[in-house]
Colleague: 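What follows is a single structure, and I will ask about it in a moment.
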Amino acid sequence: MAGVLALRVVAGLAAAALAALLLEHYGMAGPPSPLPKPRDAQRPHPAPGSGAHNVFWGLQISDIHLSRFQDPGRALDLEKFCSETIDIIQPALVLATGDLTDAKTKEHLGSRQHEVEWQTYQRILKKTRVLEKTKWLDIKGNHDAYNIPSLESITNYYRKYSAVRKDGSFHYVHSTPFGNYSFISVDATQRPGPKRPYNFFGILDEKQMEELISFSKKSSQSNQTIWFGHFTTSTILSPSPGIRTVMSSATAYLCGHLHTLGGLMPVLHTRHFTGTLELEVGDWKDSRRYRIFAFDHDLFSFADVTFDKWPVVLITNPKSLLYSCAKHEPLERLFHSTHIRVLAFSSSPITSVAVKIDGANVGQAAHVSGPIFILKWNPKKYSNGTHTIEVSVQDSAGRSKSVHHIFSAKENTHLKFDPLASYILLTDHYIVARVLFVLIVLTQLAILITFRYLAYPELKEPPGFANMTAFSLHILGKTNIFYYSVLLLTLYTVLGPWFVGEIIDGKLGCCFSFGIFVDGHFLQGGLTFISGIMQLVFFNIPLMAYICWSLLQRCFGYSFRSHLHQGKRWKIISIYLLMLLLYTWQVYSCYFLHVTYGTLAFFLSPLRTWLTLLTPVLIRYVWTLNSTGLGIFMVQLKSHLSS
Ligand SMILES: *[C@@H]1O[C@H](CO)[C@@H](O)[C@H](O)[C@H]1NC(C)=O
Ligand SMILES: *[C@@H]1O[C@H](CO)[C@@H](O)[C@H](O)[C@H]1NC(C)=O
Ligand SMILES: *[C@@H]1O[C@H](CO)[C@@H](O)[C@H](O)[C@H]1NC(C)=O
């Protein structure tokens with residue numbers, strides 16, 4: 001009876017936890033509709049033609065990670081970027097989307113702000129006079145917010161050394177004679193800023209969301225709106241109606257943070273259900289990537305390119321079908337356009353801009369002014385289906401660059417983004433982590449409690465794997481010391497403080513699975529849930545399995561010594577190698593805690609250091625438990641095996 005009751009309680013808790021998670025995410029009712037409707041896109045004119053007006057372009061650079069310890073090339077190249085690249089491209093504005101500095105300690109595991117990294121950044125901006133040449137909009141990333149007790153703190157060097165110097169999100173309007181263009185930044189860095197790694201996710205509170213909604217409303221007067229931020233929307237925790245809904249009137253959201261997963265996902269682009277593009281750009285840190293984007297007659301286009309690789313080519317008309325959105329852009333202008341338009345930049349004069357459509361030469365584009373090249377065309381010829389445009393550019397230094405994409409002059413078909421990229425950018429990873437964490441905990445608890453109260457089955461079959469596993473779970477569940485140890489460990493992983501320490505220098509805090517308390521603030525858990533999952537999957541559950549297995553060995557009459565010398569050598573060796581690996585990982589996590597959150601955290605960490613010390617004690621107990629404790633199980637096993 002008690003078992004059934006306990007299971008019911010567990011199931012009830014599971015349902016409640018899941019419901020709470022879903023409610024929190026989606027809200028009780030649908031979102032109110034505080035947001036402006038997408039602007040009326042039925043504007044066939046002005047259509048792209050032969051003129052040099054109605055177009056401007058900008059750059060995005062992200063994850064620069066200026067470091068006092070690593071790769072001085074980052075700073076040297078940034079200086080060259082701010083002088084040479086900016087002089088050649090002459091962007092209307094530059095978006096520097098966070099992680100301006102690296103802010104790590106010498107051994108790369110810990111984190112703290114280094115004033116000298118910020119001074120390097122500011123020195124580059126000043127020396128190259130880049131702020132006089134273009135509008136430089138720089139925002140904070142999670143690295144720029146490591147170990148900052150409050151925005152007022154002196155270590156919030158962004159206030160002193162950046163170009164913008166003002167914390168928080170902002171709305172910048174780029175005004176031109178042909179229209180106004182809104183650029184809205186999203187500052188989701190945590191306040192206060194814990195040390196790494198627990199500031200990997202961005203957090204927006206209600207007030208910040210209100211502010212963003214008001215920016216969104218104001219931006220509806222602009223021709224086009226771009227949002228930009230450091231975090232991908234999949235790594236931002238935001239209250240209802242959610243960050244993607246708030247930016248739904250944007251043509252694109254430009255971000256960084258994931259470093260294209262270290263090159264594993266070189267193209268991390270997708271489209272929200274609202275039509276807004278989400279475009280992560282590769283990092284400056286290791287790959288020296290940057291992005292050029294343009295609005296040409298209110299049609300958005302962009303290219304992701306590598307520093308110091310010339311020529312840089314961007315086809316602005318006809319724009320790529322993959323990145324087209326009828327809801328945000330006047331796409332019918334493409335059909336009414338009279339010219340193919342290309343932006344081509346190089347450090348040497350451009351000598352040739354050759355255009356092919358569907359593999360056939362259609363001619364040489366002529367230079368208009370600046371980087372603008374045009375070629376007369378008749379889009380009506382391409383009104384059926386999709387086509388490929390290819391542009392090859394050469395400069396007088398003999399370098400060349402060829403780019404191509406699929407376009408459609410009239411069709412409203414959609415091309416699909418890479419499903420993996422969409423998964424990475426569109427999944428709210430903190431929700432997935434929470435649900436997974438809760439499910440794993442509940443599964444483990446359900447198993448544990450079931451076998452504590454479940455009566456012994458009639459053992460009939462010859463002892464197979466499933467049978468033996470079940471039997472060992474019976475032993476575990478019905479032996480108080482092990483049952484309560486495993487139960488306590490799992491409950492503690494969920495409820496207890498993992499460690500207490502200097503989450504921020506000089507500010508004590510407490511880390512739980514569900515978030516961090518520090519200096520009177522609560523920071524919701526994001527990465528903590530992922531750590532929790534790792535703890536369960538790579539330690540708690542294997543430990544439970546090992547105890548079960550050892551107890552079974554005991555019941556077979558083996559002692560610690562004799563079980564090592566039984567017949568199945570390789571099986572025993574592989575079990576112990578695996579356990580050793582997992583235990584080493586646990587030991588490493590104690591070291592990691594020491595270097596990330598300090599000595600105090602190392603000593604006051606029940607889930608790390610204490611657990612690491614207690615585990616051998618528990619295992620010793622398994623092997624020294626006197627056989628009267630196991631007697632009843634041994635009798636059962638014997639009678640079963642002999643029958
Ligand atoms: C920008 O919007 C204004 C007002 O709606 C419009 O007159 C103008 O043509 C637009 N600019 C472009 C380049 O479409
Ligand atoms: C841009 O905004 C300014 C100020 O709001 C307004 O006076 C101007 O007409 C706008 N320009 C265009 C082309 O819409
Ligand atoms: C487009 O396709 C339709 C039928 O498939 C055909 O009748 C028409 O001539 C085509 N138009 C052009 C411009 O190719």
Side-chain angles (χ1 to χ4, degrees), residues 35-60 89-93 95 134-135 137 169-185 211-228 247-254 275-277 292-303 314-321 323-344 365 368-377 379 407-410 412:
L35 299 165
K37 294 244 162 13
R39 41 184 84 70
D40 183 17
Q42 291 305 312
R43 299 168 286 156
H45 297 286
S50 59
H53 44 272
N54 288 334
V55 58
F56 76 96
W57 53 91
L59 299 180
Q60 184 197 357
I89 296 186
Q90 299 190 8
L93 73 174
L95 312 174
T134 182
K135 184 78 191 174
L137 300 175
S169 305
F170 58 84
H171 178 192
Y172 170 75
V173 181
H174 177 64
S175 287
T176 69
F178 50 88
N180 294 323
Y181 297 84
S182 281
F183 289 84
I184 297 175
S185 81
E211 188 184 32
L212 289 172
I213 289 172
S214 80
F215 291 156
S216 168
K217 282 183 185 152
K218 275 190 212 127
S219 72
S220 64
Q221 284 150 21
S222 294
N223 290 57
Q224 291 281 326
T225 303
I226 291 284
W227 284 52
F228 64 105
M247 62 171 68
S248 62
S249 63
T251 305
Y253 174 61
L254 312 182
T276 303
L277 296 169
I292 176 165
F293 61 88
F295 277 112
D296 192 357
H297 294 77
D298 281 7
L299 296 168
F300 176 74
S301 51
F302 73 98
L314 179 59
I315 306 170
T316 61
N317 186 60
K319 71 165 285 183
S320 165
L321 178 60
Y323 300 102
S324 296
C325 179
K327 198 169 141 198
H328 294 123
E329 300 169 287
L331 289 180
E332 62 284 359
R333 286 183 186 180
L334 206 163
F335 189 67
H336 292 94
S337 68
T338 56
H339 291 77
I340 291 169
R341 292 166 64 87
V342 177
L343 302 179
V368 180
S369 72
I372 307 169
F373 291 80
I374 56 162
L375 175 64
K376 203 162 168 49
W377 81 323
F407 72 94
S408 162
K410 191 122 200 180
N412 253 331

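Note that ligands are numbered from 1 as they come in the structure, with each ligand's atoms numbered from 1 the same way.
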Colleague: Scan Asn54, Asn317, Thr316 and name whichever one has a side chain to side chain donor-acceptor pair (under 3.5 Å) with Asp296.
Modeller: Thr316
Colleague: For ligand 1, list every N/O pair with the protein closer than 3.5 Å, one pair per line with the distance.
Modeller:
unit_1   : atom_1 : unit_2 : atom_2 : d
ligand 1 : 2 (O)  : Asn223 : OD1    : 3.1
ligand 1 : 2 (O)  : Asn223 : ND2    : 2.4
ligand 1 : 11 (N) : Phe178 : O      : 2.7
ligand 1 : 11 (N) : Asn223 : ND2    : 2.7
ligand 1 : 14 (O) : Asp298 : OD2    : 3.1
ligand 1 : 14 (O) : Arg333 : NH1    : 2.9
ligand 1 : 14 (O) : Arg333 : NH2    : 3.3

Colleague: Taking the ring of Phe407 and the ring of Trp377, is the distance between their centroids below 6.0 Å?
Modeller: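 Ring centres of Phe407 and Trp377 closer than 6.0 Å.
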Colleague: Begin from the C-alpha positions of Trp57 and Phe300 and carry the test ring pair (Phe, Tyr, Trp, His ring centres under 6.0 Å) through to its verdict.
Modeller: CA-CA 10 Å; Trp57 53 91; Phe300 176 74; over 10 Å; no
Colleague: Is there a side-chain hydrogen bond (donor to acceptor under 3.5 Å, both in side chains) between His171 and Ser219? Walk through the geometry before answering.
Modeller: CA-CA 8 Å; His171 178 192; Ser219 72; 5.3 Å; no
Colleague: For Phe295, which of Phe178, Phe183, Tyr181 qualifies under ring-ring contact (aromatic ring centres under 6.0 Å, His included)?
Modeller: Tyr181
Colleague: Ring centres under 6.0 Å, that's the criterion: do Tyr323 and Phe302 meet it?
Modeller: yes
